[in-house]
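Notes follow the structure.
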Amino acid sequence: MDRVVASCDEAVADIPNGASIMIGGFGPPGVPVNLVRALRQRGLHDLVLIYCGGGTEEDGIGGLIADGAVRKLITSFPVHPGAHAVRERYLQGEIELEVVPQGTFVERIRAAGAGLGGFYSPTGVGTELAAGKEVRLIDGRAFVLELPLPADYALIKAFRADQWGNLVYRRTMRNFNPIMATAARMVIAEVDEVVPVGSLSPEEIETPCLFVDRVVEVPRDWFRHATSAERR
């Protein structure tokens, strides 16, 4: 039951070329940056990346794209001031983009985690985002069928874990990370701290260990020196 691995390199060592990978976080906050760096060092190619934005060098995801490791990016916010790599790759025809409205993006991931076949959403009706999708009238209003969005792997960031892989989040770590933990075949969590089993209150655990396959501890320097008020 001990799911703790020694390093980020070990945690991502068996991810193959062509894998679909979810990465949690929104911009740098909540991103498992050390797992992403380890993934970048693997030198993989043809990856399908599922991430909310276009990625920057700061969060490491822009580096994956700049390296040519990503064949397709599924995202809701590909263009922002720091997303140079995805912009350049897209303009050169070297990366495929699937743009999904952010609410739909989250709900498609949630549907995959819940085992649903899809859902109907009013977002995107009458636009290019609905092209090729089933549209149905419900109570006189048009809705577009959105399919679930699963992945082979999810790289997520949490605050604390026990050795079994029960996860507790803190602040911005809650953006995308908990929902992605339910929607991938293998879930790898980077955490600030690993504590003994029994140390976490059942009421504070947001992701039960049954969703988590590997945990790697990467303590953050700021946390070690933070005051109690800052830690809250």
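Hydrophobic cluster membership differs between V125 and Y120, with clusters built from Ile, Leu, Val, Met, Phe, Trp and Tyr side chains linked at under 4.5 angstrom. In the hydrophobic clustering of this structure, L155 does not group with Y169; members are Ile, Leu, Val, Met, Phe, Trp, Tyr whose side-chain heavy atoms approach within less than 4.5 Å, directly or through other members. Each of V70 and V99 belongs to its own hydrophobic cluster when Ile, Leu, Val, Met, Phe, Trp and Tyr are linked at side-chain heavy-atom distances under 4.5 angstrom. With hydrophobic clusters built from ILVMFWY side chains whose heavy atoms lie under 4.5 angstrom apart, I65 shares a cluster with L35. Hydrophobic clustering of Ile, Leu, Val, Met, Phe, Trp and Tyr side chains at less than 4.5 Å, counting indirect connections, unites I156 with M22.
Around CD of E128, the count of heavy atoms belonging to other residues, nucleotides or ligands within 6.0 Å does not exceed 12. Atom CZ of F119 has more than 12 neighbouring heavy atoms from other residues, nucleotides or ligands inside a 6.0 Å radius.
With rounding to the nearest 0.5 angstrom, the CD atom of Q92 is 6.5 Å from the CD atom of E88.
Ring centers of F176 and F105: under 6.0 Å apart, within the cut-off.
For R108 and E98, the salt-bridge test passes: some basic side-chain N is under 4.0 Å from an acidic carboxylate O. Salt-bridge formation is not detected for the pair E10/R214: no Lys NZ or Arg NE/NH1/NH2 atom is positioned less than 4.0 Å from an Asp or Glu carboxylate oxygen. One finds a salt bridge joining R40 and D67 here, because a Lys/Arg side-chain nitrogen approaches an Asp/Glu carboxylate oxygen to under 4.0 Å. Taking 4.0 Å as the cut-off between side-chain N and carboxylate O, K157 and D192 count as a salt-bridged pair.
A donor atom on one side chain and an acceptor atom on the other are not found under 3.5 Å apart for Y90 and E96. Between the side chains of Q163 and D2, no donor-acceptor pair is found at a separation under 3.5 Å.
Residues R160 and L200 have side chains in contact (heavy-atom distance under 4.5 Å, counting atoms from C-beta outward).
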Given side-chain contact (heavy atoms from CB on, under 4.5 Å), test T207 with N166 step by step and report yes or no. CA-CA 6 Å; T207 298; N166 292 302; over 6 Å; no
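Considering all non-hydrogen atoms of both residues, P101 and L129 come closest at CG-CD1, 3.6 Å.
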